[in-house]
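A short write-up of the structure that comes next.
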Amino acid sequence: MEIFKYNRRNILVLVVVLVLTAVLFFAWYCYKGLTGTSGDRGNIPYPAVRSTGSIFKPLARKSVQSIVDITLDNTGYIRWKACTGELDVLIEEADLLLGKADEVLVALSLSPQEGLVACYTREGGRLNYVGKIPNLLPVTGIWTLENTRLENRLLIVEQVQDEMLGAFFNARYSDVFLPGDGHFDRVLGLLTNYNAYWNRAWDGVKEDASWLWLNQSAKVEYSDTGETIWVDYVQTLLESMVTDTDSIPEAEGFAARYFRMVKEEYKWSSDWGLYILGEYTDSQTGERVALLEDYRNNVSSFIRGTRFDMVKVIDQNGEISIMSADRLQ
């Protein structure tokens with residue numbers, strides 16, 4: 001009986017060793033092959049994407065680093081290679097280019113001011129580079145939206161701007177892009193959340209100078225067909241209850257002074273190839289224009305005593321301009 005127990009224990013140990021060896025060999029094999037061969041320069045092995053969530057942390061880190069290095073080469077952001085350890089990385093699989101292949105989206109951000117998104121198309125076990133969206137703010141989210149009037153899905157990129165250390169404001173943006181032949185066209189840009197602080201002493205108040213806080217939050221809804229985007233804004237101007245302080249008080253230390261709600265509805269226009277607020281005639285030129293942004297609804301126009309009755313429009317030649325709102329008919 002003792003010999004039998006002894007042999008059974010040895011067998012179990014042997015099985016465990018063999019399993020561990022197989023697992024380690026597989027991990028080593030994946031680790032070794034993540035960057036591909038020199039003939040595959042510019043492409044990403046699809047297993048690298050799948051391995052980014054591996055329980056083997058060295059394998060996951062190697063996968064992410066491989067994707068980052070190849071993406072920096074493909075997008076021309078070579079200057080970021082000196083600070084790859086500081087980059088925030090988002091990797092999402094999506095069906096962006098309908099009827100072609102599965103896509104992988106790679107967002108890289110160098111806080112606090114820069115970001116980009118690269119798009120890859122999957123063909124078998126390889127990812128081929130398609131194009132990029134450069135000159136973004138740090139990216140916090142990427143996802144797709146179907147629009148039944150379009151051949152491809154739309155790409156929505158969420159971004160953040162944090163200037164609290166210098167300019168005392170932060171903001172969040174939601175930009176919508178339409179993929180084309182190796183490029184991405186922005187068809188809508190939304191300022192969703194916004195916070196700005198300033199001390200009334202900066203405006204010349206010498207005694208009992210309070211802090212002012214301009215705040216905006218937004219709820220964005222997309223129709224099932226993607227043809228309409230509704231945005232409900234809540235805009236508030238608050239004033240601190242304490243005065244003559246050098247630092248910004250906590251949120252509980254503010255009281256609301258003014259408040260308003262703004263609703264905007266963006267419709268997809270096949271004629272303009274954009275989401276627009278409406279079509280109008282410019283009374284000065286007689287030309288048809290599409291309204292892209294109404295600055296009367298902008299959070300900065302909410303400050304009492306400030307009047308900014310301006311709008312952003314695009315004409316039939318594709319020229320974007322800012323004009324007085326009373327020119328629209």
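Residue numbers run from 1 in the order of the sequence given. These numbers were taken from a predicted model, which means no experiment stands behind them. Excluded from the calculations below are hydrogen atoms, water molecules and symmetry mates; all remaining heavy atoms, backbone and side chain alike, are included.
A donor-acceptor contact shorter than 3.5 Å is absent between the side chain of W211 and the backbone of F254. Under the 3.5 Å distance criterion, the side-chain polar atoms of S51 are left unmatched by any main-chain donor or acceptor of A60. With hydrogens and angles disregarded, no donor-acceptor distance shorter than 3.5 Å links the side chain of S324 to the backbone of M310. When atom types are taken as modelled, the side chain of D244 and the backbone of A209 share a donor-acceptor pair closer than 3.5 angstrom. For R126 (side chain) and N128 (main-chain N/O), no donor-acceptor pair under 3.5 Å exists by modelled atom type. With hydrogens and angles ignored, the 3.5 Å screen pairs a side-chain donor or acceptor of K132 with a backbone N or O of T75. Using a distance-only test at 3.5 Å, with no hydrogens or angles considered, a donor-acceptor pair links the side chain of S301 to the main chain of N298. Checking side-chain atoms of Q159 against main-chain N and O of V139 turns up no donor-acceptor pair under 3.5 Å. The backbone N or O of S111 lies less than 3.5 Å from no partner atom in the side chain of S109, so there is not a single donor-acceptor pair. Listed for the D282 side chain is a donor-acceptor partner under 3.5 Å among the backbone atoms of Q284.
No side-chain heavy atom of I156 sits less than 4.5 Å from a side-chain heavy atom of I142. By the 4.5 Å heavy-atom criterion applied to side chains, L212 and L238 are not counted as neighbours. Here the side chains of Y295 and I322 are in contact, with some heavy-atom distance below 4.5 Å. Side-chain contact between L150 and L178 is present, with at least one heavy-atom pair separated by less than 4.5 Å. Between Y258 and Q235, the closest side-chain pair of non-hydrogen atoms is not below 4.5 Å. With contacts defined as side-chain heavy-atom distances shorter than 4.5 Å, the pair V49/L127 qualifies. Contact annotation: the side chain of L155 approaches that of I133 to within less than 4.5 Å [non-hydrogen atoms, C-beta and beyond]. Residues L136 and Y173 have side chains not in contact (no heavy-atom distance under 4.5 Å, counting atoms from C-beta outward).
Within the model, atoms NZ of K267 and OG of S223 stand 7.5 Å from one another, a figure rounded to the nearest 0.5 Å. Considering CG of L328 and CE of M323, their distance stands at 6.5 Å, rounded to 0.5 Å. L137 CG to R172 CZ: the interatomic distance, rounded to the nearest 0.5 Å, is 11.5 Å. With rounding to the nearest 0.5 angstrom, the NZ atom of K81 is 5.5 Å from the CG atom of D69. To the nearest 0.5 Å, atom NZ of residue K263 and atom CD of residue E265 are 11.0 Å apart. With rounding to the nearest 0.5 angstrom, the CD1 atom of I229 is 5.0 Å from the CG atom of L188.
Remark: R186 fails to qualify as a cation-pi partner of F177 under the 6.0 Å distance and 45° angle criteria applied to the six-membered ring.
Under the 4.5 Å side-chain heavy-atom criterion for Ile, Leu, Val, Met, Phe, Trp and Tyr, Y266 and V299 are members of distinct hydrophobic clusters. By the rule that hydrophobic residues join a cluster once side-chain heavy atoms approach within less than 4.5 Å of another member, L214 and F169 end up as members of one cluster. Put simply, L116 and V104 are part of the same group of oily side chains (I, L, V, M, F, W, Y) that touch within less than 4.5 Å, one to the next. When hydrophobic clusters are built by joining Ile, Leu, Val, Met, Phe, Trp and Tyr residues whose side-chain heavy atoms come closer than 4.5 Å, directly or via intermediates, V157 is not grouped with V220. Cluster membership check: Y197 does not share its hydrophobic cluster with V160, using side-chain heavy-atom separations under 4.5 Å among Ile, Leu, Val, Met, Phe, Trp and Tyr.
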**Study point:** Residues L97, E103; criterion side chain to side chain contact (heavy atoms under 4.5 Å, CB included); working and verdict
**Key:** CA-CA 7 Å; L97 308 176; E103 284 74 46; 3.7 Å; yes
Exercise for review: List the steps, then state whether salt bridge (charged side-chain N to carboxylate O under 4.0 Å, His left out) holds for R149 with E227.
Suggested key: CA-CA 8 Å; R149 294 193 182 185; E227 295 181 32; 3.1 Å; yes
Review point. Given Q316 and W272, is the side chain to side chain contact (heavy atoms under 4.5 Å, CB included) satisfied, shown in steps?
Key: CA-CA 8 Å; Q316 293 176 323; W272 296 94; 3.8 Å; yes
**Study point:** side chain to side chain contact (heavy atoms under 4.5 Å, CB included) between L154 and V187, intermediate numbers included
**Key:** CA-CA 9 Å; L154 295 162; V187 296; 4.2 Å; yes
Point to revise | Derivation and outcome, ring-ring contact (aromatic ring centres under 6.0 Å, His included), residues W202 and F168 | key: CA-CA 13 Å; W202 304 340; F168 295 104; 5.7 Å; yes
Practice item. Show your working on side chain to side chain contact (heavy atoms under 4.5 Å, CB included) between E86 and L110 and close with a plain yes or no. Key: CA-CA 7 Å; E86 303 172 28; L110 183 60; 4.2 Å; yes
Exercise for review: Apply the test salt bridge (charged side-chain N to carboxylate O under 4.0 Å, His left out) to residues E207 and R200: give CA-CA distance (whole Å), side-chain angles for both, the deciding distance (0.1 Å), then the verdict.
Suggested key: CA-CA 9 Å; E207 294 183 3; R200 296 185 64 206; over 6 Å; no
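For E146 against R153, the heavy-atom pair with the smallest separation is CB-NH1, 3.5 Å. Listed here is the closest heavy atom pair of L96 and C119: CD2-SG, 4.1 Å. When all heavy atoms of P138 and Q113 are compared, the pair lying nearest together is CD-C, 3.7 Å. The heavy-atom pair separating A171 from L191 by the smallest distance is CB-CD1, 3.8 Å. Nearest approach of K312 to I320, heavy atoms of both residues: CG-CG2, 3.7 Å. Of all heavy-atom pairs spanning Y233 and A218, the tightest one is CD2-CB, 3.7 Å.
None of T84, L90, V117, L72 except one satisfies the side chain to side chain contact (heavy atoms under 4.5 Å, CB included) rule with L108; the exception is L72. In summary, of the residues considered (R327, R288, Q329), a side-chain hydrogen bond (donor to acceptor under 3.5 Å, both in side chains) with T281 occurs for R288 alone.
Between Y222 and T228, the side chains place no donor N or O within less than 3.5 Å of an acceptor N or O (distance only, hydrogens not considered). E264 and N297 are linked by a side-chain donor-acceptor pair at a separation below 3.5 angstrom, with hydrogens and angles left out of the test. For S269 and D271, the side-chain atoms include no donor-acceptor pair closer than 3.5 Å. A side-chain N or O of E239 and one of S210 form a donor-acceptor pair less than 3.5 Å apart. Checking E221 against W230 by side-chain atom types alone, no donor-acceptor pair falls below 3.5 Å. Side-chain atoms of N215 and N195 include a donor-acceptor pair closer than 3.5 Å. Using modelled atom types, one finds a donor on one side chain and an acceptor on the other under 3.5 Å when comparing Y275 with N147. Y120 and N74 share a side-chain donor-acceptor pair at under 3.5 Å.
The pair E93-R50 meets the salt-bridge criterion, with a side-chain N (NZ, NE, NH1 or NH2) lying under 4.0 Å from an Asp/Glu carboxylate O. Ion pairing between a basic and an acidic side chain is recognised when a charged N comes within 4.0 Å of a carboxylate O; D232 and K219 show no such pairing. Salt bridge R79/E114: present, at least one basic N to carboxylate O contact under 4.0 Å.
The 12-atom threshold is exceeded at CD1 of I78, counting heavy atoms of other residues, nucleotides or ligands nearer than 6.0 Å.
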